[in-house]
Amino acid sequence: MVQSQSLTSLERIVKAYDIRGLVPDELDADVAYLIGRAAALEFGAPNMLVARDMRASSDDLADAVMRGARAEGVTTIDLGLASTDLLYYASGHLRHPGVMITASHNPAGYNGLKLCRAGAEPVSLDTGLARIRDCVAAGEFGGATRSGSHRELNLVRSFAAHVRGFVNRASLRPLRVAVDAGNGMAGFVVPPVFDGLPFELVPLYFELDGTFPNHPASPIEPENLRDLQALVRAESCDIGMAFDGDADRMFCVDGNGDAVSPSLITAIIAQRLLERDPGAPVLYNLICSRIVPETIVRAGGVPIRTRVGHSFIKSVMAETDAVFGGEHSGHYYFRDNFRADSGLIAALVLLEALSVHGGSLADMVAPYDVYVQSGEINSEVADPAAAVDAVAKAFAGRGEADYADGLTIVAEAWWFNLRPSNTEPMLRLNVEAGDETTMKSVRDDVLALVRS
């Protein structure tokens, strides 16, 4: 019997899609060691890949996870510093399960683990994280008769070649590209990916620093794009791109420094990929703009609406053989990337589309920018279910309702989605309409009900 951990404390850090907590108060090397053992048992595979981001605690947590896996007789393969999409590539390419040590966009005091089975198959609360949590809480492990071995493997060049394989180099033209790495892992993986391509890279905050001295590595927040916007304008760049801490999400601004919605990026990438794979299914989550399914239909594809969250999207991709999937949160999934998301692949496909277009990004985006969105608005509520029910009753008869992920009401001129957070007593609202007046009216009506 190994020293068990409090189930209550584990429930705080084991989330819907990953494990994440404050270091060392909630997550330390001892807990990571036990998670490594439990993960090895859950995977039931002879090898385990482990990679880490640039946070100060990542080395110790990665070492502890690998010690735990080896205690169960598993061979650990240390990939070293990596972006999360590099770990997914390694898992798909080598057919081994993997663990990425990262807290993504969270502040410096946090760290965590993202897990996947062989082939980059995601592990969520429903598909393994709960069993890993309960195993650690019970302290009951296998106890292998012989410790596993260990080796190191550098796949950066192989990963970079894989990413570049998603575009036709002959179609690329010289572009001046500003990239804000936010002191995260994009500073490590973007240079080898861009190597040999006709892009002039204008780097910002490429120094790996898990204290995030310049701004949080969370580009979904508008304030964290301001430095990139200023750089694009000052350096006359064609486009600016920003990545989160583990570099699996990508956001962009045009040559004027104006932010481009991830929904519009999803539509552009979908159209580009459907030119190569006509008639293919394409996924989009239910808070993406209406322009996304409209673009997929116009491009000859089959639009498929999904819930929010990478586990759902990857599952539906496997069922439908969809060529691509996009989320309004800046995650982009590719069938030929083992159905995993990659900010870097999305970046190159977008740059290829811009190259072929021949004009500015603002001009390329304009035909897609036909709806007005509220952006995601969060509200803390004591009883999320009761609040959703109140909104559903108030909007009864005003549009078609569905409950695929929270509450969605769809009318002819507008729609909104109101869904609960997976981890907090919070509701997330997204509204879209054909004009700003209608969007604001629907938004304010919903928020008045939620916040009352």
Side-chain angles (χ1 to χ4, degrees), residues 83 85 104-105 163 166-167 172-195 197-209 212-269 272 326-332 341-366 368-369 373 375:
S83 58
D85 53 358
S104 185
H105 61 279
V163 173
F166 281 78
V167 298
L172 304 179
R173 64 181 171 95
L175 293 169
R176 192 165 168 81
V177 183
V179 174
D180 183 355
N183 299 109
M185 291 312 303
F188 182 75
V189 293
V190 166
V193 168
F194 275 46
D195 186 36
L197 301 180
F199 305 134
E200 181 183 356
L201 181 61
V202 182
L204 180 66
Y205 307 144
F206 268 42
E207 304 81 11
L208 301 184
D209 188 340
F212 306 113
N214 296 292
H215 62 70
S218 181
I220 197 170
E221 304 297 339
E223 60 268 25
N224 296 330
L225 289 176
R226 288 173 186 159
D227 291 352
L228 176 64
Q229 292 168 315
L231 179 67
V232 165
R233 296 180 186 118
E235 296 292 334
S236 300
C237 296
D238 296 291
I239 185 173
M241 295 179 164
F243 294 83
D244 63 350
D246 59 338
D248 62 348
R249 288 194 293 166
M250 185 272 296
F251 296 79
C252 81
V253 302
D254 65 22
N256 302 316
D258 296 325
V260 179
S261 163
S263 280
L264 307 189
I265 296 172
T266 295
I268 291 167
I269 293 175
R272 186 74 190 156
E327 289 199 276
H328 193 68
S329 57
H331 285 284
Y332 307 99
D341 47 320
S342 172
L344 281 162
I345 294 173
L348 285 199
V349 176
L350 182 62
L351 290 171
E352 181 185 40
L354 183 57
S355 295
V356 172
H357 177 267
S360 70
L361 179 59
D363 288 342
M364 184 174 76
V365 166
Y368 301 90
D369 194 10
Q373 291 192 310

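Throughout, numbering of the chain's residues begins at 1 and tracks the sequence. Bear in mind that the values here come from a model prediction, so they are computed numbers and not experimental data.
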Please check: side-chain N/O of [X] versus main-chain N/O of [Y], any donor-acceptor pairing under 3.5 Å?
X    : Y    : result
E200 : R176 : no
D254 : N256 : yes
R173 : L354 : yes
S218 : E221 : no
R249 : S329 : yes

Sole residue of I345, I265, V349, D341 in side chain to side chain contact (heavy atoms under 4.5 Å, CB included) with Y332:
I265
Tell me which one of D248, V189, V179, D180 satisfies side chain to side chain contact (heavy atoms under 4.5 Å, CB included) with F243.
V179
Can you see which heavy atom on [X] is nearest to which on [Y], and at what distance?
X    : Y    : result
P198 : L172 : CG-CB, 3.7 Å
V232 : A178 : CG2-CB, 3.9 Å
C237 : L231 : SG-O, 4.4 Å

If the condition is side chain to side chain contact (heavy atoms under 4.5 Å, CB included), which residues does D369 pass it with, not counting sequence neighbours?
L264, V365
Sequence neighbours left out, what passes side chain to side chain contact (heavy atoms under 4.5 Å, CB included) with D195? Give chain and number order.
none
Side-chain contact test, heavy atoms from C-beta onward, threshold under 4.5 Å: evaluate it for [X] versus [Y] and give yes or no.
X    : Y    : answer
I220 : H105 : no
Y368 : V260 : no
H328 : Q373 : yes
F251 : N224 : no
P219 : M241 : no

Spatial distance of atom [atom1] ([X]) from atom [atom2] ([Y]) [nearest 0.5 Å]:
X    : Y    : atom1 : atom2 : result
S342 : L348 : OG    : CG    : 8.5 Å
F166 : L344 : CZ    : CG    : 11.5 Å
L351 : L361 : CG    : CG    : 9.0 Å
R233 : L228 : CZ    : CG    : 9.5 Å
Y205 : N183 : OH    : CG    : 8.0 Å
L175 : E352 : CG    : CD    : 11.5 Å

Under a plain distance cut-off of 3.5 Å, with no hydrogens placed, do D244 and S104 share a side-chain donor-acceptor pair?
yes
As a quick check of understanding, evaluate side chain to side chain contact (heavy atoms under 4.5 Å, CB included) for L350 and M364, giving each step before the final call.
CA-CA 11 Å; L350 182 62; M364 184 174 76; 4.0 Å; yes
